[in-house]
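It should be emphasised that the depicted structure is a prediction, and the values quoted were computed from it without experimental measurement. Chain identifiers are assigned alphabetically (A, B, ...) following the order of the sequence lines, protein sequences preceding nucleic acid strands; residue numbering begins at 1 within each chain.
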Amino acid sequence: MIDTRLLLDDFEETTRKLARKGVDPALVEQARDLAEARRVQVRAVDAARQEMNAGASRVGELMRESRRDEAEALRSELSLLRARLEALEQELRSVEESLDDVTSRLPNLPADDVPDGRSEADNVVLRTLGYDPADYAGRRWEPHWDIAERLGILDAQRAAKLSGTMFALLKGDGARLLRGLTAFALDMHRDSYEEIVPPHVVRGEVIAKTGHLTKFDTQAYRLRDDDLWLIPTGEVALMGMHQGEILAEAQLPVRYMAYTTCWRREAGAAGKETRGMQRLHEFHKVELVKLCKPEDGETEFQSLVADAAKPLEALGLPYRVVELCAGDLTFSAARVYDLEVYSPGVDRWLEVSSISLVTDFQSRRGQIRFRRQGGGVELVHALNGSGLATPRVWAAIVEHGLRSDGTVVLPPALVPYVGVETLRARS
RNA sequence: GGAGAGGUGCGAGAGUGGCCGAAUCGGACUCACUGCUAAUGAGUUGACUUGGGAGACCGGGUCCGGGGGUUCAAAUCCCCCCCUCUCCGCCA
């Protein structure tokens with residue numbers, strides 16, 4: 001959530017920034033009015049409580065001095081005051097509820113230099129690496145699902161039998177390729193990120209504070225008999241680790257990575273772009289997250305982008321870096337770069353990593369803070385991004401490695417991890 | 001899953017209805033002493049919120065695992081939940 005102080009102290013500017021993200025100014029105004037109403041109500045409640053507290057200690061004094069009659073009289077007086085106080089408190093709660101309801105619909109502010117724009121069409125390609133259209137002319141490319149089925153490393157039929165559409169079942173070298181990819185990515189980042197194996201099932205409270213469980217975000221699967229949820233991304237577990245904590249300045253930046261399974265309901269996503277490994281209810285991913293001081297956010301962001309790109313380069317996959325325009329930014333992000341890998345099989349750029357600078361948006365709800373050396377407590381800034389999302393990278397490797405004889409050559413960097421140089425159909 | 005014990009500030013730990021945002025010890029920070037470090041002495045040291053002030057700061061309110069309740073008054077009494085530890089059971 002955003003800082004409600006911004007609504008009160010810097011309303012014009014905040015409205016303008018949120019408008020770039022497509023937020024109706026009327027909603028911002030509504031939030032501001034409620035924030036003001038809350039302050040007024042807080043003052044009223046505090047005044048009543050002050051009176052209450054003074055009266056209560058006066059009763060104590062009178063009792064000690066054995067002035068029973070006076071004490072009794074004051075007690076019944078305070079009894080009435082208490083009723084009034086409770087009414088005021090009730091009103092305050094109701095204002096706070098409305099305020100929370102409205103502010104929970106306000107996204108994070110975009111960073112100032114994020115390009116204007118309304119949709120995906122206005123996103124800016126910052127750089128393209130390793131891609132030459134000429135490389136793909138003059139020969140036939142196949143989508144990975146066809147190649148993989150032929151090689152017997154992906155079995156969509158049986159996955160559907162077990163679990164329905166948008167699930168994958170990998171076999172043989174396909175399974176090994178997945179396992180190799182994750183080990184490869186984890187090794188690549190081992191010096192800068194601490195590897196974590198978190199629980200894959202978390203409390204509703206934890207996931208809610210990461211912003212992945214709102215009225216509008218119903219991606220996560222819930223366990224039927226418990227208030228526990230399957231993580232839609234490792235970010236949820238990693239960001240949840242320090243909720244409610246005040247870290248020492250010297251601990252920052254915190255850099256974690258985790259290889260986890262991710263589960264997403266992907267409601268409404270059925271259809272054409274879900275074939276093969278493009279979009280799954282269950283997939284595997286190495287996630288990177290950082291917590292840092294506010295002033296280090298942009299630097300950490302750029303290095304996170306570089307870190308996320310490193311495996312793609314090492315695997316020799318053509319990719320591009322896209323900066324999302326203000327209107328296309330995700331709800332909690334101030335800045336997002338997407339890494340997209342070119343897929344010759346479908347002739348499209350597929351998002352394999354989305355790197356977000358979340359500033360203090362998540363840490364405010366999660367109360368993840370740090371104490372400055374000289375004193376003073378502040379919210380940490382948070383960043384996250386995929387270090388390697390396996391399904392689409394798996395698919396890209398299969399498509400790019402395709403040779404005319406139907407076999408698939410693996411990138412050399414991966415060979416030690418998979419144990420073979422070529423994926424071929426089992427005879 | 002069953003039985004018991006317990007959750008208090010940065011840490012340890014006292015407090016069982018008003019004098020408690022909270023003893024004491026430790027840690028950290030500041031100052032003094034000192035060539036430096038150590039030691040010693042003095043002092044400071046929770047978060048959030050609201051009001052005043054340019055600010056240093058000052059006043060009010062809330063918070064003793066979380067949520068309800070009793071009471072003029074709750075860290076303290078009652079109920080529910082969460083967590084930790086010990087023992088038993090089960091188990092990869």
### Query
Distance between the C1' atoms of B:U24 and B:C87, in whole angstroms?
33 Å
### Message
Going by side chain to side chain donor-acceptor pair (under 3.5 Å), name the residues that satisfy it together with A:Gln302, two or more places apart in sequence or in a different chain.
### Response
A:Tyr337
For nucleotides 44-50 of chain B, print each protein N/O atom paired with a nucleotide N/O atom at under 3.5 Å, atom names and distance only.
from  : atom 1 : to       : atom 2 : distance (Å)
B:A47 : O3'    : A:Arg369 : NH1    : 3.2
B:A47 : O2'    : A:Arg369 : NH1    : 3.1
B:U49 : OP1    : A:Arg5   : NH2    : 3.1
B:U49 : O3'    : A:Arg38  : NH2    : 3.0
B:U50 : OP1    : A:Arg38  : NH2    : 2.8
B:U50 : OP1    : A:Arg39  : NE     : 3.1

### Message
Distance check needed: B:C10 P versus A:Leu247 CG, whole Å only.
### Response
13 Å
Check: protein-nucleotides 52-59 of chain B nitrogen or oxygen pairs below 3.5 Å:
none

### Query
Using atom C1' of each nucleotide, how far apart are B:G66 and B:C83 to the nearest Å?
10 Å
### Task
Only counting residues at least two apart or in another chain, list the ones meeting ring-ring contact (aromatic ring centres under 6.0 Å, His included) with A:Tyr221.
none
#### Entry: A:Glu96/A:Arg93 ion pair, N-O < 4.0 Å
no
### Query
Hey, are A:Arg365 and A:Asp100 close enough for a salt bridge, meaning a charged N less than 4.0 Å from a carboxylate O?
yes
### Message
Rounded to whole Å, how long is the line connecting atom CG of A:Asp227 with atom P of B:G67?
### Response
16 Å
### Message
Any non-hydrogen side-chain atom of A:Thr260 less than 4.5 Å from a side-chain atom of A:Glu287?
### Response
no
#### Entry: Residues A:Asp227, A:Arg222: salt bridge by 4.0 Å N-O rule
yes
In a table with atom names and distances, give each donor-acceptor pair under 3.5 Å that connects a side chain of residues 39-55 of chain A to protein atoms at least two apart or in another chain.
from    : atom 1 : to      : atom 2 : distance (Å)
A:Gln41 : NE2    : A:Leu88 : O      : 3.2
A:Arg49 : NH1    : A:Glu89 : OE2    : 2.6
A:Asn53 : ND2    : A:Arg49 : O      : 3.4

### Whole-angstrom distance between B:U49 and B:U71, as gauged at atom P
32 Å
### Query
Expressed in angstrom and rounded to an integer, what is the separation of A:Gln41 atom CD from B:U62 atom P?
15 Å
### Message
Please report the distance separating the P of B:A75 from the corresponding atom of B:C20, rounded so that it comes out in whole Å.
### Response
13 Å
#### Entry: Length of the line joining A:Glu89:CD and B:G68:P, which is rounded to integer Å
11 Å
### Task
Using a 3.5 Å limit on both pairing distances, list the dot-bracket string of RNA chain B from the 5' end; Watson-Crick and G-U wobble pairs count, crossing pairs take [ ], interstrand pairs take |.
((((((((.[[[..)..(.....]]]((((((.......))))))(((((((....))))))).[[[[[..)....]]]]])))))))....
### Message
On RNA chain B, does the nearest nucleotide to A:Ala54 precede the nearest nucleotide to A:Arg64 from the 5' side, or the other way round? Give the residue.
### Response
A:Arg64
Report all interatomic pairs (protein N or O, nucleotide N or O of nucleotides 78-85 of chain B) with separations under 3.5 Å.
from  : atom 1 : to       : atom 2 : distance (Å)
B:C82 : O3'    : A:Arg203 : NH2    : 3.2
B:C83 : OP1    : A:Arg203 : NH2    : 3.2

### Message
One thing to verify: whether A:Arg67 and A:Glu65 come together as a salt bridge, which I'm taking to mean a side-chain N less than 4.0 angstrom from a carboxylate O.
### Response
yes
### Query
Is the CZ atom of A:Arg118 crowded by more than 12 outside heavy atoms at less than 6.0 Å?
no
### Task
With sequence neighbours excluded, tell me which residues meet side chain to side chain donor-acceptor pair (under 3.5 Å) with A:Thr182.
none
### Message
A:Gln362 and side-chain hydrogen bond (donor to acceptor under 3.5 Å, both in side chains): which single residue from A:Gln243, A:Glu235, A:Lys209 fits?
### Response
A:Glu235
### Query
Which residue pairs pass the salt bridge (charged side-chain N to carboxylate O under 4.0 Å, His left out) test with at least one member in residues 376-385 of chain A, sequence neighbours excluded?
A:Arg372-A:Glu378
### Separation of atom CD in A:Glu96 from atom C1' in B:U62, rounded to whole Å
11 Å
### Message
Please determine whether a side-chain nitrogen of the Lys or Arg among A:Arg335 and A:Asp113 lies less than 4.0 Å from a carboxylate oxygen of the Asp or Glu.
### Response
yes
### Task
Under the side chain to side chain donor-acceptor pair (under 3.5 Å) rule, collect the residues that match up with A:Glu249, sequence neighbours excluded.
A:Lys293
#### Entry: Separation of the C1' atoms in B:G69 and B:G27, to the nearest angstrom
39 Å
### Summary
Nucleotide by nucleotide, nucleotides 69-76 of chain B touches protein heavy atoms under 4.0 Å in the pattern (B base, S sugar-phosphate only, - none) -SBBS---
### Query
Which value, in whole Å, describes the distance between the P atoms of nucleotides B:A47 and B:A42?
25 Å
#### Entry: Spacing of the C1' atoms in B:G43 and B:C33 (rounded, Å)
15 Å
### Query
Atom CG of A:Asn53 to atom C1' of B:C63: distance rounded to whole Å?
14 Å
### Task
Kindly indicate whether the side chain of A:Leu252, heavy atoms from C-beta on, has any atom under 4.5 Å from the side chain of A:Val254.
yes
### Query
Which whole number of Å gives the distance between the C1' atom of B:A74 and that of B:C79?
15 Å
### Message
Going by the rule side chain to side chain donor-acceptor pair (under 3.5 Å), which residues pair with A:Arg58 if we only count those two or more places apart in sequence or in a different chain?
### Response
A:Glu61
### Task
Run the salt-bridge test on A:Arg150 and A:Asp146 with the 4.0 Å N-O cut-off and return the result as yes or no.
no
### Task
Find the distance A:Leu81:CG to B:G61:P and express it as a whole number of Å.
13 Å
